Amino acid sequence: MSQRELPSVFIPSEIEGPLYQKWVDAGYFTADVSSTKPAYTIVIPPPNVTGVLHIGTALDHTLQDILIRMKRMKGFTTLWLPGTDHAGIATQNVVEKQLASEGLSRHDLGREEFIKRVWDWKAESSGAILEQMRRFGDSVDWSRERFTMDEGMSRAVLTIFKRLYDAGLIYRAERIINWCPRCMTALSDIEVEHNDDAGELVSIRYGDGENSIVVATTRAETMLGDTAIAVHPDDERYAHLIGQTILLPLVGREIPVVADEHVDPEFGTGAVKVTPAHDPNDFEIGLRHKLESIVILNAEGEVADSGTRFDGLDRFEARKAIVEALKAEGRIVAEKRPYIHAVGHCQRCDTVVEPRLSKQWFVKVAPLAKTAGDAVRKGQVKIEPESLAPRYFEWVDNMHDWCISRQLWWGHRIPVWYGPEGDVLVLGPDENAPEGYVQDPDVLDTWFSSALWPFSTLGWPDTTEDLKKFYPTSVLITGYDILFFWVVRMMLFGLFAMDGVPPFRVIALHGLVRDKFGKKMSRSKGNAIDPLELMDTYGADAIRFTLARGANPGADQALAEEWIAGSRNFGTKLWNATRFAMMNGATVEGDLPAFDSLNVFDRWILSRLNETITEVDELLETYEFARACDQIYHFAWDDLCDWYLELSKESFATGTAHDSKRVLGYVLDQLLRLMHPIMPFLTEELWTALTGGESVVIAEWPRPIDDHVDLVGEKLIIQVQEIITEVRRFRNDQAIKTSQRIPGRFIAPQEFARYDAAMRFVLRIDHPEEDVLFVPSATLEIGAVKVELDLSGAVDVGAERSRLTRDLATAQKDRETADIKLSNENFMAKAPVNVVTEIRERLAKTDAEIVRINAQLAKLPSS
RNA sequence: GGGUGCUUAGCUCAGUGGUAGAGCGCCUCGUUUACACCGAGGAUGUCGGGGGUUCGAAACCCUCAGCGCCCACCA
């Protein structure tokens with residue numbers, strides 16, 4: 001093992017480039033898979049390890065990877081499994097986009113050919129990753145990807161579907177579902193995003209004269225499918241019309257007026273048009289009053305089969321045309337435009353979702369959700385931070401049935417076959433449909449198969465060794481935005497399939513990445529940043545550190561280029577510190593000298609290192625990434641670079657630093673290990689250069705050493721820091737250049753003699769040429785230490801006086817607050833002893849300070 | 001409408017009962033044998049308003065105001 005020389009300049013791209021590029025090539029590093037999500041959806045490449053737990057947002061991935069690296073350094077077994085992104089519209093969209101660039105659509109290829117294209121795309125994306133994952137001998141089983149997706153079927157999916165079906169928890173029904181006319185598929189409630197859009201609210205008079213009612217609508221085109229008008233049963237204005245029929249304009253159909261509790265008599269005219277086939281509420285009303293459902297929109301969102309001249313028009317064109325036509329008939333009573341109201345949009349493509357009557361498969365969630373809620377209520381599963389648990393409960397306790405069929409091709413096919421006589425057959429694994437049966441053409445919702453991920457990837461339904469070992473897993477870490485999509489569903493199925501054992505013990509939630517002002521990133525606002533671009537400039541480690549440093553549990557974080565630049569600077573700082581250390585002979589060879597034999601600075605930095613290790617370890621174990629990063633940052637920059645290295649320069653320069661070389665080597669070695677999960681590329685480079693070891697990835701996680709505690713030493717160093725800072729202040733006030741050497745003396749208690757040389761070096765204070773003849777022109781007092789300096793010229797009395805006056809004011813104020821407390825009888829009677837003692841000490845200290853400053857002021861010549 | 005969170009230095013955020021913190025930004029100085037992606041020094045907050053509990057509140061309770069997020073079938 002030997003050290004490698006470090007180049008004098010740290011360039012992130014040169015270190016991260018090659019590995020990083022592999023991951024980019026492998027498709028694991030992409031700014032945006034779906035093209036509709038904000039640009040922060042990226043995957044930071046984990047270098048030279050090991051694999052990906054799943055592909056999520058940058059934060060998901062970063063934080064997961066940090067924990068995983070820490071755990072494996074602690075000796076935990078890690079098993080790498082394929083991601084879950086196999087049945088998604090996102091994946092389908094990527095390939096559809098490729099096709100579009102060739103001027104093709106998926107329908108040109110046909111189902112089989114299309115699925116082959118998706119597989120090709122995915123296969124292209126995995127070779128380089130596998131190679132990286134195996135480098136350190138991790139257990140890798142990528143073949144499970146096939147396992148879950150082969151032939152568009154999987155034993156896990158077949159098994160769970162059949163079990164749920166047999167338990168009466170899966171059913172098929174004709175319902176109003178959310179339909180995306182662009183994706184041409186059904187969507188679950190959760191895949192619909194409600195935005196406030198500017199629409200129109202038009203009031204239309206149905207019927208004529210006495211026999212007329214005015215209704216309001218934001219979707220005028222749906223009137224073609226109206227089969228009733230509903231009013232509140234107690235509404236006297238319309239009592240005489242209940243049971244009558246009214247003529248539907250443009251269509252010429254007579255429709256009944258029905259009384260229904262659902263109608264709010266306060267809203268609008270108190271009368272509602274009822275379109276059972278195109279509105280969920282109306283559908284319910286239709287059921288109650290046995291109304292006909294007339295479908296007037298086709299899958300593309302065009303008016304069809306309405307028997308009117310509007311057939312063939314797109315829904316939005318039809319809306320205009322119908323309003324025009326009604327206006328021509330004088331039936332538009334009022335128009336409100338713009339009318340701001342919530343409109344559902346397809347989460348993937350932003351198309352306005354159309355409620356549509358159609359036959360779909362559903363999961364009956366109530367019983368499953370109850371179990372999932374109880375698992376958290378009973379403490380079987382913990383949500384971190386706890387404050388987000390109410391969100392979970394709110395959702396779990398009010399979940400509607402879940403529409404699971406999708407009219408897509410990429411995904412698990414619904415394992416249901418229909419017989420020639422219309423009979424329905426649900427097949428389990430290893431079962432075949434009889435001759436003449438046809439499989440349901442639809443595939444399952446992404447989240448249906450994703451929900452199985454914690455156990456299907458481990459070989460379930462077989463009782464494999466992996467399943468026994470890794471189910472349940474200890475922690476799931478993800479963003480709170482994914483709680484409902486994925487986490488809840490893993491809970492539902494996990495508890496159902498695994499006899500009440502939840503898939504994980506802890507759900508650790510982080511926030512979302514926001515722009516520099518804390519606002520949601522969005523393309524339209526133009527505040528989305530491109531992480532790939534920033535990574536080219538600052539390096540992947542800088543982004544990772546920034547993300548980790550901002551990751552307070554459950555809270556969103558603002559991300560701006562400045563923060564990333566700051567992280568890059570930190571990386572550079574560490575680079576230079578390590579380089580400097582190695583230039584001065586820092587080594588990991590040989591035993592660490594006995595703690596008691598070391599000099600005060602060495603003991604101090606070891607003691608601080610010990611504290612840092614303890615704290616960082618604890619913080620990472622409790623998912624406090626931001627605070628862990630903060631500890632590391634300040635230890636590395638403040639303690640190590642600004643103080644230890646500066647104070648050690650004297651002994652390095654004079655060649656008396658034999659033990660310090662070993663200590664410094666040790667401290668850096670440990671620090672780099674501690675930082676490795678958070679800045680993997682940089683620490684790998686520095687650690688291998690410093691230690692000559694194979695890789696920090698497989699180094700052991702630092703452990704605190706009980707002997708390395710020196711609380712007395714830490715206190716002394718604080719005093720040393722005070723003295724140095726005070727002298728620097730003085731020099732600064734007196735406009736003495738940093739490089740200017742001045743003669744001076746320390747008059748201090750015996751114990752400070754040990755620091756004399758180091759302090760002189762740092763402060764550039766020389767021994768007076770002839771001690772007896774030394775006449776100081778300025779004297780500073782810091783606690784028990786006097787510093788006498790010869791400025792060989794006039795001291796700037798004004799600057800000195802103003803500084804002392806300022807210090808005096810501060811001391812007097814401090815004294816006053818302490819004094820007030822101590823003269824408060826209630827405080828003395830009720831405050832705990834240690835607090836009283838502390839205040840007493842403070843008072844004594846400020847008293848002495850005031851005396852000292854006054855004495856110094858008195859000594860100043862009057863100006 | 002239901003749920004939930006936030007309001008602390010110019011900006012973004014930590015801080016859960018004992019003298020207000022960090023990063024960035026700002027001001028002054030600086031080619032000192034790692035680093036200007038740097039070093040040294042400095043300035044900056046009646047901790048959203050008002051009440052209460054307490055010897056003591058940024059923190060706990062009540063209330064008001066503003067902002068945000070999630071969920072929700074108001075035409």
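Order of the sequence lines sets the chain letters (A, B, ...), proteins ahead of strands, with each chain counted from 1. Everything quoted here is computed from the prediction, not taken from an experiment.
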Nearest of B:rU33, B:rC35, B:rC11 to any side-chain atom of A:F761? B:rU33
Any chance you could measure A:Y206, atom OH, to A:I246, atom CD1, to the nearest 0.5 Å? 10.5 Å
Taking the C1' atom of each, how far is B:rA59 from B:rG17, in whole Å? 7 Å
Cationic N near anionic O, under 4.0 Å, A:R568 to A:E561: no
Taking the minimum atom-to-atom distance to the side chain of A:R549, which one of B:rG41, B:rC55, B:rA22 wins? B:rA22
Please assess A:M759 against A:I765 for the test side chain to side chain contact (heavy atoms under 4.5 Å, CB included), listing each intermediate value before the final yes or no. CA-CA 8 Å; A:M759 286 198 289; A:I765 295 175; over 6 Å; no
Take A:H262 and A:V272 through the side chain to side chain contact (heavy atoms under 4.5 Å, CB included) test and state the conclusion after the steps. CA-CA 10 Å; A:H262 165 78; A:V272 184; 5.9 Å; no
Taking atom types as modelled and ignoring hydrogens, do the side chains of A:T725 and A:E722 form a donor-acceptor contact shorter than 3.5 angstrom? no
Please determine, for the side chain of A:K821, which listed nucleotide (B:rU32, B:rG18, B:rA75) has the closest atom? B:rG18
Distance check, P atoms only: B:rU19 and B:rC62, in whole angstrom units. 26 Å
Give a yes or no on this: more than 12 heavy atoms of other residues, nucleotides or ligands lie within 6.0 Å of atom CZ of A:R377. yes
What interatomic distance, in whole Å, is found between P of B:rC60 and the corresponding atom of B:rG41? 35 Å
Any A:L664 side-chain heavy atom under 4.5 Å of A:L645 side chain: yes
With nearest nucleotide decided by heavy atoms, which residue, A:E838 or A:H194, maps closer to the 5′ end of RNA chain B? A:E838
Does A:N552 reach a base, just sugar-phosphate, or nothing at all? Heavy atoms under 4.0 Å. sugar-phosphate
Provide the distance between the two C1' atoms, one in B:rG68 and one in B:rU12, to the nearest whole Å. 16 Å
A:L763 has an atom CG; how far is it from atom C1' of B:rG30, in whole Å? 15 Å
What does A:D733 touch in the nucleic acid at a heavy-atom separation under 4.0 angstrom: a base, only the sugar-phosphate, or nothing? nothing
Have a look at A:R764 and say if it touches a base, only the backbone sugar-phosphate, or nothing, with a 4.0 Å heavy-atom cut-off. base
Under the side-chain contact (heavy atoms from CB on, under 4.5 Å) test against A:C629, which residue among A:L620, A:I678, A:L547 passes? A:I678
Under 3.5 Å donor-acceptor pair, A:R391 side-chain atoms to B:rC70 base atoms: no
A:S387 side-chain proximity, nearest of B:rG41, B:rG5, B:rA34: B:rG5
Base, sugar-phosphate, or nothing for A:A577, non-hydrogen atoms under 4.0 angstrom? base
Of the listed nucleotides B:rU31, B:rC74, B:rA40, the one nearest the side chain of A:K737: B:rU31
Rounded to whole Å, how long is the line connecting atom CZ of A:R219 with atom P of B:rA75? 10 Å
Rounded to the nearest 0.5 angstrom, the CD-CG distance for A:Q721 and A:D638 is 9.0 Å
Please determine, for the side chain of A:E646, which listed nucleotide (B:rA34, B:rG18, B:rA75) has the closest atom? B:rA34
How would you label the contact of A:F393 with the nucleic acid (heavy atoms, under 4.0 Å): base, sugar-phosphate, or nothing? nothing
Looking across every strand, which nucleic acid part, if any, lies under 4.0 Å from A:F484 by heavy atom: base, sugar-phosphate, or nothing? sugar-phosphate
With heavy atoms under 4.0 Å as the rule, sort A:T725 into base, sugar-phosphate or nothing. sugar-phosphate
Can you tell me the distance, in whole Å, between the CZ atom of A:F283 and the C1' atom of B:rA75? 18 Å
Looking at every strand, decide which applies to A:K516 at a 4.0 Å heavy-atom threshold: base, sugar-phosphate, or nothing. sugar-phosphate
Regarding A:W563, tell me which of base, sugar-phosphate or nothing describes its non-hydrogen contacts under 4.0 Å with the strands shown. base
Touch check for A:G566, heavy atoms < 4.0 angstrom, all strands: base, sugar-phosphate only, or nothing? nothing
Is any side-chain N or O of A:Q631 under 3.5 Å from a base N or O of B:rA22, one able to act as donor and the other as acceptor? no
To the nearest Å, give me how far apart CZ (A:R728) and P (B:rG39) are. 11 Å
NZ of A:K661 to OG of A:S648: how many Å apart, nearest 0.5 Å? 12.0 Å
Return the value, rounded to whole Å, for the distance between atom CD of A:Q740 and atom C1' of B:rG30. 13 Å
Which one, B:rA34, B:rC37, B:rA14, comes nearest to the side chain of A:R627? B:rA14
Given the options A:F545, A:W563, A:F10, A:F570 meets ring-ring contact (aromatic ring centres under 6.0 Å, His included) only with A:F545
Please evaluate the base of B:rG2 for a donor-acceptor partner in the side chain of A:E394 within a cut-off of under 3.5 Å? yes
Look at all strands and tell whether A:F570 reaches a base, only sugar-phosphate, or nothing, counting heavy atoms closer than 4.0 Å. nothing
Just compare B:rA34, B:rC13, B:rC55 and give me whichever is closest to any side-chain atom of A:K830. B:rC55
Geometric class of the A:F652/A:F580 ring pair [parallel <30°, tilted 30-60°, perpendicular >60°]: perpendicular
The dot-bracket string of RNA chain B, counting Watson-Crick and G-U wobble pairs with both distances under 3.5 Å, using [ ] for crossing pairs and | for pairs to another strand, is ((((((((.[[[[.)..(..]]]].(((((.......))))).....[[[[[..)....]]]]])))))))....
What integer number of Å spans the C1' atoms of B:rU44 and B:rG50? 27 Å
Answer with base, sugar-phosphate or nothing: what part of the nucleic acid does A:T738 contact at a heavy-atom distance below 4.0 Å? base
Over all strands shown, is A:R842 touching base, sugar-phosphate only, or nothing at heavy-atom distances under 4.0 angstrom? base
Pairwise 5' ranking along RNA chain B for A:M583 and A:Q557, keeping only the more 5' one: A:Q557
Nearest-Å distance once atom C1' is located in both B:rC35 and B:rU31: 13 Å
Without decimals, in angstroms, what is the distance between A:R205 CZ and B:rA75 P? 24 Å
Tell me the interatomic distance from A:D515, atom CG, to B:rC24, atom P, rounded to whole angstroms. 20 Å
Expressed as a whole number of Å, how far does the P atom of B:rA20 sit from that of B:rG25? 27 Å
As a test of reading the structure: which of B:rU32, B:rG68, B:rA75 is closest to the side chain of A:K519, going by heavy atoms? B:rG68
Using atom P of each nucleotide, how far apart are B:rG1 and B:rC64 to the nearest Å? 15 Å
Rounded to whole Å, CG of A:N732 lies from C1' of B:rU32 at a distance of 14 Å
Among B:rG39, B:rC55, B:rU32, the one nearest any side-chain atom of A:W637 is B:rG39
Give A:P832 one of three labels, base, sugar-phosphate or nothing, depending on what nucleic acid heavy atoms sit under 4.0 Å from its own. base
